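Note that the structure is a prediction, hence the values are computed from the model and not measured. In this chain, residues are counted from 1 in sequence order.
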Amino acid sequence: MFLPLHDTNPIRHVDFPFVTYGLMGLTILVFLIQSVLPPAAFDQATIDFGMIPIVVRDLYPQPVPWLPDWANLVTYAFLHADWLHLLSNMLFLWVFGDNIEDAFGHFKFLIFYLACAVLAALAHLLFNLDGNGPLIGASGAVAGVMGAYILLYPHARVFVLARIVWLIPLPVPAFWMLGFWIATQLFFVVMGSDEPVAWWAHLGGFAAGLVLAPLFKSRKVPLFGGR
């Protein structure tokens with residue numbers, strides 16, 4: 001229904017959000033490598049490095065013998081199914097990630113991002129204990145960034161491309177934009193959906209961001225600020 005284009009929330013505490021751009025660059029690089037693989041090798045990469053619940057639970061052997069079972073709780077977040085999957089996640093990370101890196105600092109933001117990826121994967125695993133398909137994509141980690149953003153900058157204006165009658169760029173408070181996003185995820189969890197989307201990973205990542213943000217943020221950054 002809408003896509004974020006940019007926000008009006010300047011960074012104040014870091015000179016340049018290089019971790020955000022570094023994560024984006026690494027994720028795009030991984031997908032470029034994926035995209036030149038033959039279809040069978042592409043699928044095998046998602047099995048090898050995606051998060052498969054029965055593998056993480058040690059009910060099935062790890063496809064990559066040298067990779068610890070827990071490592072897939074991180075590696076899955078750097079794989080994507082197609083260009084649309086990749087670009088949508090990178091767009092959300094680009095809009096919201098720089099401010100969260102600014103609020104946390106570089107190193108803590110990196111740890112936060114990876115922690116949200118792990119917790120999102122665990123949420124997916126919890127509700128798919130016998131799942132044998134690979135979870136891939138950065139959306140759980142990015143959902144954590146969004147959870148932190150709504151807690152720290154609920155009043156910041158986000159320009160979204162909204163489909164009302166035509167596609168129109170509209171400035172809306174982050175609270176409403178991100179609140180609508182999380183409400184959508186809850187709707188599909190409750191009502192059910194045939195779409196191949198890891199709704200529980202989104203919810204788990206968002207909840208992780210809400211919980212971890214007060215612990216990771218700098219003392220100079222208040223909660224519920226960002227007007």
Write down the atom of [X], the atom of [Y], and the distance for their closest heavy-atom approach.
{"X": "Leu23", "Y": "Leu110", "answer": "CD2-CD1, 4.1 Å"}
{"X": "Leu151", "Y": "Ala213", "answer": "CD2-CB, 4.0 Å"}
{"X": "Leu223", "Y": "Pro214", "answer": "CD2-CG, 4.4 Å"}
{"X": "His85", "Y": "Gly137", "answer": "CE1-CA, 3.7 Å"}
{"X": "Ala121", "Y": "Leu135", "answer": "CA-CD2, 4.0 Å"}
{"X": "Ile52", "Y": "Gly131", "answer": "CG2-O, 3.9 Å"}

Original post:
Under 3.5 Å, side chain of Asp98 to main-chain N/O of Pro17, donor-acceptor pair present?
Top reply: no
**OP:** Check the pair Phe180, Val172 against side chain to side chain contact (heavy atoms under 4.5 Å, CB included), reporting the backbone distance first and the verdict last.
**Re:** CA-CA 11 Å; Phe180 181 84; Val172 296; over 6 Å; no
Can you check whether [X] and [Y] have ring centres sitting under 6.0 Å from each other?
{"X": "Tyr21", "Y": "Phe16", "value": "yes"}
{"X": "His80", "Y": "Phe31", "value": "no"}
{"X": "Trp199", "Y": "His124", "value": "no"}

Indicate yes or no: at least one non-hydrogen side-chain atom of [X] is less than 4.5 angstrom from one of [Y].
{"X": "Ile136", "Y": "Phe49", "result": "no"}
{"X": "Leu87", "Y": "Leu91", "result": "no"}
{"X": "Val30", "Y": "Leu26", "result": "yes"}
{"X": "Phe96", "Y": "Val142", "result": "no"}
{"X": "Tyr113", "Y": "Ile100", "result": "no"}
{"X": "Leu119", "Y": "Leu212", "result": "yes"}
{"X": "Leu203", "Y": "Ile182", "result": "yes"}
{"X": "His155", "Y": "Pro173", "result": "no"}

**OP:** Check the side chains of Asp7 and Tyr153 for a donor-acceptor pair under 3.5 angstrom, ignoring hydrogens and angles.
**Re:** no
Original post:
Is it true that the side chains of Asp48 and Gln62 contain a donor and an acceptor less than 3.5 Å apart?
Top reply: no
Check this for me: [X], atom [atom1], are more than 12 non-hydrogen atoms of other residues, nucleotides or ligands nearer than 6.0 Å?
{"X": "Asp82", "atom1": "CG", "result": "yes"}
{"X": "Phe175", "atom1": "CZ", "result": "no"}
{"X": "Tyr60", "atom1": "OH", "result": "no"}

**OP:** Start with the C-alpha distance between Leu3 and Phe92, add both sets of side-chain angles, then the distance that settles side chain to side chain contact (heavy atoms under 4.5 Å, CB included), and finish with yes or no.
**Re:** CA-CA 8 Å; Leu3 284 174; Phe92 276 77; 4.2 Å; yes
Subject >> Residue that, paired with Asp102, satisfies side chain to side chain contact (heavy atoms under 4.5 Å, CB included) out of Val14, Val221, Asn9 >> reply: Val14
Out of curiosity, [X] [atom1] to [Y] [atom2], how far, rounded to the nearest 0.5 Å?
{"X": "Phe127", "Y": "Leu129", "atom1": "CZ", "atom2": "CG", "value": "9.5 Å"}
{"X": "His106", "Y": "Thr20", "atom1": "NE2", "atom2": "OG1", "value": "9.5 Å"}
{"X": "Ile54", "Y": "Asn128", "atom1": "CD1", "atom2": "CG", "value": "11.5 Å"}
{"X": "Cys116", "Y": "Met146", "atom1": "SG", "atom2": "CE", "value": "11.5 Å"}
{"X": "Ser218", "Y": "Lys108", "atom1": "OG", "atom2": "NZ", "value": "6.5 Å"}
{"X": "His13", "Y": "Glu101", "atom1": "NE2", "atom2": "CD", "value": "12.5 Å"}

Hydrophobic clusters here meaning ILVMFWY residues chained together by side-chain heavy-atom distances under 4.5 Å, can you tell me if [X] and [Y] are in one?
{"X": "Phe187", "Y": "Trp181", "value": "yes"}
{"X": "Met51", "Y": "Val55", "value": "no"}
{"X": "Ile33", "Y": "Ile47", "value": "no"}
{"X": "Leu67", "Y": "Val74", "value": "yes"}
{"X": "Met24", "Y": "Leu84", "value": "no"}

**OP:** For His6 and Val158, run side chain to side chain contact (heavy atoms under 4.5 Å, CB included): C-alpha distance rounded to whole Å, both residues' side-chain angles, the deciding distance at 0.1 Å, then the answer.
**Re:** CA-CA 6 Å; His6 68 90; Val158 180; over 6 Å; no
Subject >> Sole residue of Phe107, Phe104, Tyr149 in ring pair (Phe, Tyr, Trp, His ring centres under 6.0 Å) with Phe112 >> reply: Phe104
